[in-house]
Each structure stands twice: as C-alpha cells, then as structure tokens.
A.B. asks: 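Sending over a structure as structure tokens; questions will come in a sec.
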Amino acid sequence: MKELQKQVLKDVLNDINIDVTSASHGKNMLKRMMPSRKALIVLDGVDDINDLEHEEAICLFSRYAFNRDIPNQGYEELSRKVIRYGAGLPLTIKVLGSHLCGRSECEWVDALERLKTVPEDQTLKILELSYNGLENDHKEIFLDVVCILKGQMKHDAIRILGGCGFNALIGLSVLEQKYLITISDIHGLGFHDHIEEMGWNIVRRLHPNEPSRHSRLWIKEEIEKIFLNKSGTEATRSIRLRLTNIDPTIIVNGLRNMNGLRLLYVHGKFGKRSWKDNTTSIYLPDALESLIPQSQEVRERKFLNKLRFLDLSYSRLTTFDLGMTPHLEVLNLQSSWGFEEFQFPIECPNLKVLNLSYTKFHKEHGSANLDSVGTFNIDVDFTDVCPLHPKNNFPMFRFRCKYDEPRSSPSGNLEKLISFGPCVCENLKCILATICGLQHLRELSLGRRVPQDLWRLERLELLHLSEQQFQHLPDSICTLKHLQSLELGSCLALEQLPENIHELECLESLRISCCKSLRDIPNNICKMKCLKSLKLRLCDNIKKLPEELGSLECLKVLDITGTRISHLPQSIYQLKGLCIHGSRKQLESYGFTSFPEEVSIYTHVEL
C-alpha cells in the first residue's frame with residue numbers, strides 16, 4: 001500500500017523526490033496534496049481485495065497480539081491463519097489479537113480450532129471468542145455496559161457497577177484491554193456496533209421471543225409491555241427504561257415479580273403524575289442495589305436493605321428519609337428542585353458520596369451525622385436577579401466543592417453550608433467564610449467572587465476560577481502547597497500571573513482559557529518540576545513563552561491554540577514525548593508538516 005501511494009503521488013504530481021514512510025503517512029499526503037485532483041488508477045492482476053491488505057493486517061494484528069509490528073518468532077504462520085478468519089476487518093483483527101496476547105502456543109491452536117467451526121461470514125461469532133475468554137464477573141460487567149450503560153462516564157459506571165457488587169475498576173480495564181469497549185473522557189463508555197450487536201445476541205438468544213426471561217431489558221416497547229402485563233420474572237437483572245409515558249404506578253407494580261433485579265434506570269415524562277400512591281405499595285425488589293429513577297417525584301415506603309447506590313437527580317422530590325436505606329453508599333440528589341425538607345433521622349455509617357448539586361430547599365433541614373462521607377459535592381447557581389430582592393444588583397454567585405475525608409465534628413461547617421437559603425444577597429459573606437472553614441476541602445470551583453481566606457484551604461487539590469474581575473491572582477493562591485490543578489477561565493481583566501507561581505510545588509496542570517488581557521507567562525514557571533500540562537487556549541494577547549520552558553522535564557502537553565505565539569523556545573525540543581496543540585497554520589510555521597488524519601479546530605504534533 002505504501003509503494004502504491006508513493007507511485008500515485010510521484011506520477012500525478014510529477015515529483016520523483018516524494019517519499020512515503022508509512023501507509024498512514026501516505027494517506028495524509030494524498031489528502032493534503034491532492035484535495036482537488038482527479039485520477040484514474042487501474043490495479044492490474046488483483047484477484048482479491050485482501051491482497052492489498054495482508055501486510056497491513058499482519059502489522060495491525062501484531063500490535064495487539066505481540067505489542068510490536070511483526071509476529072514473534074515461531075508465531076508467523078499461526079498469525080496468518082488467525083488473520084484469515086478475521087476476514088480483513090480491523091475490529092475483528094484487533095479483538096482477536098487482544099484475546100491471544102500473552103497466551104501459549106497450545107492456546108493459540110485451540111482458538112484456531114474453534115474458529116474453524118465458525119462460518120466465514122459470521123463476524124459476531126468470531127468476536128464472541130474474546131467474550132468467552134472472560135471471567136464470569138467481567139462477562140456480567142460487559143453485558144451491563146453494552147445493554148444499559150452506553151455513554152455513561154467512567155466514574156459513574158464504576159459507582160453503578162460497584163453498587164451491584166462488581167469490582168468495576170478492574171473489570172472495565174480488562175474490557176478495554178480486550179478491545180471490547182472504549183473509554184472516553186468526553187463520550188464515556190462506548191463500543192463498536194458489532195460489539196454491541198454481539199452483546200445483545202448473547203442476552204437474547206436463549207429466549208429470543210420471551211423478553212421477560214432476558215437478563216437485561218433495554219428496548220422501551222418490550223419493557224412497557226412487561227410492566228403493563230405484570231409478566232416480569234426473577235431472570236431480569238438490569239433495566240433501562242428511557243422516555244416512557246406510562247403511569248409510574250404501572251411501573252412499580254410491574255416490578256412485583258422481578259426479585260433478581262439489581263439495577264433499575266427509569267427516565268420518564270410523567271407530567272403531573274408522580275411515583276406515589278396512597279393505596280398501592282411500592283414493589284421495589286429486595287435485591288435492588290442501584291436505583292436511578294430520573295422522574296418527577298419518588299416516595300418510598302419500604303426498607304431497601306441492599307440499596308447501595310441511589311441516583312434521584314433531576315427529580316421533584318419533596319422529602320427523603322435515609323432511614324429507608326441504611327446501607328446506602330452513594331446518594332445523588334443533583335438538581336432536585338422540590339424539596340420541602342431533607343431528613344437524616346439516623347446515622348449513615350456507609351454513606352461515602354453525597355451530591356446536592358443545584359438542589360434547593362424550601363425549608364432548612366435538621367443536622368446530621370455525616371462523619372462517614374468521603375466525598376461531598378454541592379453546587380449553587382443563582383441568576384443575575386435575586387427572586388427575593390429583585391432590586392438588588394448583587395452579582396451572580398455560584399460555587400462547587402468536593403469535600404473529601406471525614407470531618408472532625410458532626411455539627412461543623414458542612415451543615416451550615418448546605419442549610420443556607422436561596423438568597424445569596426444576604427448570605428454571600430457567610431458562604432465564603434464557611435467554604436474557607438472546610439479544612440478537608442479538595443476541589444473548589446468559584447465564579448465571580450474569591451474568598452480572602454483562600455489560604456486556609458490547605459488540602460485543596462483542584463481550584464477552578466471563572467469570570468473573575470481581578471487583575472492579579474490573590475497572593476494566597478501560592479500558599480496552596482497541595483494544589484495539583486489550577487484552571488482560570490474567562491477572567492477577562494487578568495493581566496499577569498504571580499511571579500512566585502513556582503511555589504505551587506505540586507501543580508501538575510495549569511489551564512488558562514479566554515483570559516484576553518493576559519500578556520506574559522512568568523519565567524519562574526520553568527521551576528515547576530511537577531508541571532505536566534500547560535494549556536493557554538484562546539489567550540490572544542500572549543505572544544511568547546519563557547525561553548527555558550524546556551527545563552520542565554515532566555511536561556507532556558502544551559496547548560497554544562488561539563494565542564499569538566509565533567515561535568517555540570529552542571529548549572522545548574529537548575522534551576521527548578511532548579504533544580503540542582495548536583492551529584495547523586501555527587504548527588506549520590514551526591516547521592511541522594506531518595499531522596494526524598483527523599484535523600478539525602486544532603491538531604497536534606508529538607516531539
């Protein structure tokens with residue numbers, strides 16, 4: 001393929017000096033150098049389209065099976081046989097390679113014998129070979145991911161699957177290594193369409209015409225029919241029902257016979273209907289461990305002794321009593337707008353994560369013993385006009401914090417923080433002071449106002465400041481000795497960073513975006529020995545970087561997209577493995593000519 005690309009470029013462009021280093025490089029050159037040209041290419045003597053791909057297939061397979069571009073000695077013929085069964089499909093080749101990686105020759109022979117029984121056109125059966133090699137728990141995690149958790153962020157999926165009794169951190173890692181799933185910071189958990197189809201077939205094939213006997217339910221029409229007919233069985237382990245219009249009472253009654261259910265996800269448009277009924281009991285199964293009903297209102301009347309993970313975000317709850325869920329570990333009440341009271345009648349010995357992001361209370365709730373809480377998220381978001389004081393022009397204020405480690409006192413600052421009413425006009429100073437009293441605070445995000453006592457947050461690891469009006473960062477920031485990540489966004493008046501910024505000795509990530517007045521990066525930044533990522537996006541008044549930037553031995557990412565930096569310091573070329581992000585025009589001006597296949601808003605090169 002490489003030689004063909006090279007010949008086409010030479011002939012069409014009439015340039016005998018053109019060189020192609022790899023098939024990928026050749027593809028990029030064709031795109032860049034022949035965007036508007038038309039050419040007729042005749043390939044003579046090719047009996048099989050696969051003749052063009054054998055060398056690439058061997059290389060691709062070897063990368064996943066041997067972590068190199070060619071097979072290990074003694075495995076050449078076995079590799080060719082496996083590739084033949086891969087039918088030239090990259091996905092199949094990758095999955096088979098990942099499956100056979102690290103296995104003995106006898107195991108390779110056994111896998112080939114199994115492949116011989118699979119018709120050539122049944123790709124899903126070939127892919128299933130990798131699934132069959134998984135441990136039982138990893139098989140269960142795979143089926144839950146494919147049928148229920150597509151698109152979930154990794155940390156959410158770990159909590160949900162952990163709530164179902166699985167070691168999800170290891171399980172997801174195994175599935176990713178086997179190339180059965182992908183994990184993205186933007187798109188969450190994903191997989192190829194063929195992998196999804198394979199998972200669906202595994203769930204449905206034993207009872208293809210009896211959805212009530214499937215272990216996972218994700219097809220809306222089938223689930224609604226089961227609920228309407230009350231035909232559920234204990235075979236069902238997980239349900240995902242989205243955008244349903246059926247009455248909540250029908251749903252909860254339909255759960256009556258699903259005694260094996262451990263994961264329930266319900267998202268509906270119920271209008272004025274609610275999840276309460278004065279004459280009907282709630283038939284939530286005793287085995288339920290993860291409940292995610294995103295709905296209008298939920299009111300339980302039974303104890304759920306096994307429930308460990310509960311997500312009631314975007315609901316219109318009026319009350320919630322933790323006495324019903326004594327073993328709860330994770331409670332998410334994000335954006336629940338209808339609270340009248342929030343009751344903590346008992347100690348919560350197992351509660352590890354409590355999220356009240358964007359939750360508003362009509363009444364203050366009682367104090368609680370939350371000593372076991374390891375992570376506490378709370379966001380407050382107010383409009384520009386206070387609903388209680390419409391004539392007050394006090395600026396909008398919002399904050400988000402992540403509280404880590406148990407507190408020393410059950411009646412300390414945390415209760416004060418979450419019991420403030422909806423009026424920021426009267427409570428702003430108290431809120432800011434209270435934040436600075438949270439000695440174990442790990443993450444903090446602030447908009448429009450920064451507390452003066454920021455230095456008191458000794459354990460802060462992540463600080464995000466946005467839409468601030470200061471020209472200089474508060475001096476107290478440089479006293480945060482444990483800070484690992486500092487983000488500054490849309491601080492339009494910010495003119496300079498502190499000269500002693502290097503005193504943030506643990507800082508690994510510095511991200512500055514849309515700070516239009518910022519002109520210079522202080523030279524002392526070159527003394528930050530832990531800095532791994534420096535991002536200066538859309539700061540269009542920054543024209544240069546410190547000359548000694550190459551002394552940052554840990555630096556792996558440099559983003560200068562949207563700046564006016566015209567040249568890179570010579571010292572930066574000392575850094576191996578550094579990824580530089582910028583516009584194509586910028587990077588070409590630095591002498592870079594080889595780019596990844598996909599180039600959109602920005603691209604990158606690697607030193």
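Below, each value reflects all heavy atoms present in this structure, side chains not excepted, and no hydrogens, waters or symmetry copies.
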A.B. asks: Counting heavy atoms not belonging to E210, are there more than 12 under 6.0 Å from its CD?
C.D. replies: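 Yes, because the 6.0 Å sphere around CD of E210 holds more than 12 heavy atoms from other groups.
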
A.B. asks: Could you measure the distance from the CG atom of L538 to the CG atom of D559? Nearest 0.5 Å is fine.
C.D. replies: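 Reported value, rounded in 0.5 Å steps: 8.5 Å.
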
A.B. asks: Would you say K94's side chain and Y64's backbone share a donor-acceptor pair under 3.5 angstrom?
C.D. replies: no

A.B. asks: So which atom in V20 and which in Q5 form the shortest heavy-atom distance, rounded to 0.1 Å?
C.D. replies: CG1-OE1, 4.1 Å

A.B. asks: Between the side chains of S62 and D69, does any donor sit under 3.5 Å from an acceptor?
C.D. replies: no

A.B. asks: Output the distance between atom CD (Q484) and atom CG (L507), rounded to the nearest 0.5 Å.
C.D. replies: 8.5 Å

A.B. asks: Kindly indicate whether the side chain of F166, heavy atoms from C-beta on, has any atom under 4.5 Å from the side chain of D144.
C.D. replies: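 In contact.
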
A.B. asks: Would you say R68 and I70 make side-chain contact, with heavy atoms under 4.5 Å?
C.D. replies: yes

A.B. asks: Whether the S104 and E107 side chains hold a donor-acceptor pair (N or O, under 3.5 Å, no angle test) is what I'd like checked.
C.D. replies: yes

A.B. asks: May I ask you to check whether over 12 heavy atoms, not counting those of H482, lie within 6.0 Å of atom NE2?
C.D. replies: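 Open.
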
A.B. asks: Got a sec: does the CD1 of I170 have more than 12 other heavy atoms crowding it under 6.0 Å?
C.D. replies: no

A.B. asks: I would like to know whether V266 and L264 meet side chain to side chain contact (heavy atoms under 4.5 Å, CB included); could you show each step before the answer?
C.D. replies: CA-CA 6 Å; V266 180; L264 175 62; 3.6 Å; yes

A.B. asks: Say whether, by atom type as modelled, one donor and one acceptor occur between the side chain of S130 and the main chain of L127 under 3.5 angstrom.
C.D. replies: no

A.B. asks: Do you know which two heavy atoms are closest between E547 and S571, and how far apart they sit?
C.D. replies: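 Closest pair (atom of E547, atom of S571, distance): O-OG, 2.6 Å.
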
A.B. asks: H214 side chain to H207 main-chain N or O, any donor-acceptor pair under 3.5 Å?
C.D. replies: yes

A.B. asks: Taking atom CD of Q570 as the centre, report whether more than 12 heavy atoms of other residues, nucleotides or ligands fall under 6.0 Å from it.
C.D. replies: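 Not buried by this count: 12 neighbours or fewer within 6.0 Å.
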
A.B. asks: State whether E461 and K481 are salt-bridged, where the test is any N-O pair (Lys NZ or Arg NE/NH1/NH2 against Asp/Glu carboxylate O) under 4.0 Å.
C.D. replies: no

A.B. asks: Tell me whether R103 at atom CZ has more than 12 heavy atoms from other residues, nucleotides or ligands lying less than 6.0 Å away.
C.D. replies: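 Atom CZ in R103 is packed in, count exceeds 12.
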
A.B. asks: Does the side chain of I83 reach to within under 4.5 Å of the side chain of L60, using non-hydrogen atoms?
C.D. replies: no

A.B. asks: For the pair S551 (side chain) and C526 (backbone), establish whether a donor and an acceptor sit closer than 3.5 Å, ignoring hydrogens and angles.
C.D. replies: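 Checking the backbone N and O of C526 against the side chain of S551, a donor-acceptor pair under 3.5 Å is found.
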
A.B. asks: Going by atom types only, do N201 and E197 share a side-chain donor-acceptor pair under 3.5 Å?
C.D. replies: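 Result is no, nothing qualifies.
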
A.B. asks: Please indicate whether K543 has more than 12 foreign heavy atoms, meaning atoms of other residues, nucleotides or ligands, lying under 6.0 Å from its NZ.
C.D. replies: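 Not buried by this count: 12 neighbours or fewer within 6.0 Å.
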
A.B. asks: Atom OH of Y85 and atom CD1 of I126: how far apart are they, to the nearest 0.5 Å?
C.D. replies: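 CD1 of I126 is found 9.0 Å from OH of Y85.
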
A.B. asks: So, taking the atom named OG in S533 and the one named NE2 in H581, what distance separates them when rounded to the nearest 0.5 Å?
C.D. replies: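 Output value for this atom pair is 8.0 Å.
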
A.B. asks: The criterion is side-chain contact (heavy atoms from CB on, under 4.5 Å); which residues satisfy it with K529, sequence neighbours excluded?
C.D. replies: none

A.B. asks: Are the side chain of R308 and the backbone N or O of G162 linked by a donor-acceptor pair below 3.5 Å?
C.D. replies: yes

A.B. asks: Does a side-chain heavy-atom distance below 4.5 Å link L510 with I525?
C.D. replies: yes

A.B. asks: In plain terms, say whether E140 and R237 are close enough for a salt bridge, that is, a side-chain N and a carboxylate O under 4.0 Å apart.
C.D. replies: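 Looking at E140 and R237, the cut-off is not met.
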
A.B. asks: Can a cation-pi geometry be assigned to R240 and Y265, taking NZ or CZ under 6.0 Å from the six-membered ring centre and within 45° of the ring axis?
C.D. replies: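 Pair R240/Y265 counts as cation-pi.
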
A.B. asks: Is there side-chain contact between L531 and E508, with at least one heavy-atom pair below 4.5 Å?
C.D. replies: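 Not touching, per the 4.5 Å side-chain cut-off.
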
A.B. asks: Flag the pair L552 / L549 as yes when at least one side-chain heavy-atom distance between them is below 4.5 Å, and no otherwise.
C.D. replies: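 Yes; the side chains approach each other to less than 4.5 Å.
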
A.B. asks: Output yes when a side-chain donor or acceptor of S212 lies under 3.5 Å from a complementary backbone atom of G232, and no otherwise.
C.D. replies: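 Checked: no pair found.
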
A.B. asks: Quick check: do I580 and L568 have side-chain heavy atoms less than 4.5 Å from each other?
C.D. replies: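 Sidechains of L568 and I580: in contact.
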
A.B. asks: Find out whether L217 and I226 are in side-chain contact, i.e. whether some heavy atom of one side chain is under 4.5 Å from a heavy atom of the other.
C.D. replies: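 L217 reaches I226 side chain to side chain.
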
A.B. asks: Hey, what do you get for SG (C554) to CG (L578), rounding to the nearest 0.5 Å?
C.D. replies: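 Nearest 0.5 Å value for the SG-CG distance: 12.0 Å.
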
A.B. asks: Between the side chains of E222 and R204, is the shortest nitrogen-to-carboxylate-oxygen separation below 4.0 Å, so that they form an ion pair?
C.D. replies: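 Salt bridge present between R204 and E222.
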
A.B. asks: Taking atom CD of E196 as the centre, does the number of heavy atoms from other residues, nucleotides or ligands within less than 6.0 Å exceed 12?
C.D. replies: yes

A.B. asks: Who are the side-chain contact (heavy atoms from CB on, under 4.5 Å) partners of K10, not counting sequence neighbours?
C.D. replies: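 K10 satisfies side-chain contact (heavy atoms from CB on, under 4.5 Å) with K6, I18 once adjacent residues are dropped.
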
A.B. asks: Answer yes or no: does atom CD of E553 have more than 12 heavy-atom neighbours from other residues, nucleotides or ligands under 6.0 Å?
C.D. replies: no

A.B. asks: Stepwise, does the salt bridge (Lys or Arg N to Asp or Glu O under 4.0 Å) test hold for E176 with K154?
C.D. replies: CA-CA 12 Å; E176 188 177 28; K154 180 181 178 179; 5.5 Å; no

A.B. asks: Can a side-chain donor-acceptor contact be found between E224 and T244 if the only test is distance below 3.5 angstrom?
C.D. replies: yes

A.B. asks: Parallel, tilted or perpendicular: which one describes the rings of Y131 and F142, with boundaries at 30° and 60°?
C.D. replies: tilted

A.B. asks: Applying ring pair (Phe, Tyr, Trp, His ring centres under 6.0 Å) to W108 and F66, what does each step give before you reach the verdict?
C.D. replies: CA-CA 13 Å; W108 278 61; F66 308 107; 5.6 Å; yes

A.B. asks: Using 0.5 Å steps for rounding, measure from the CG atom of L112 to the CD atom of E77.
C.D. replies: 10.0 Å

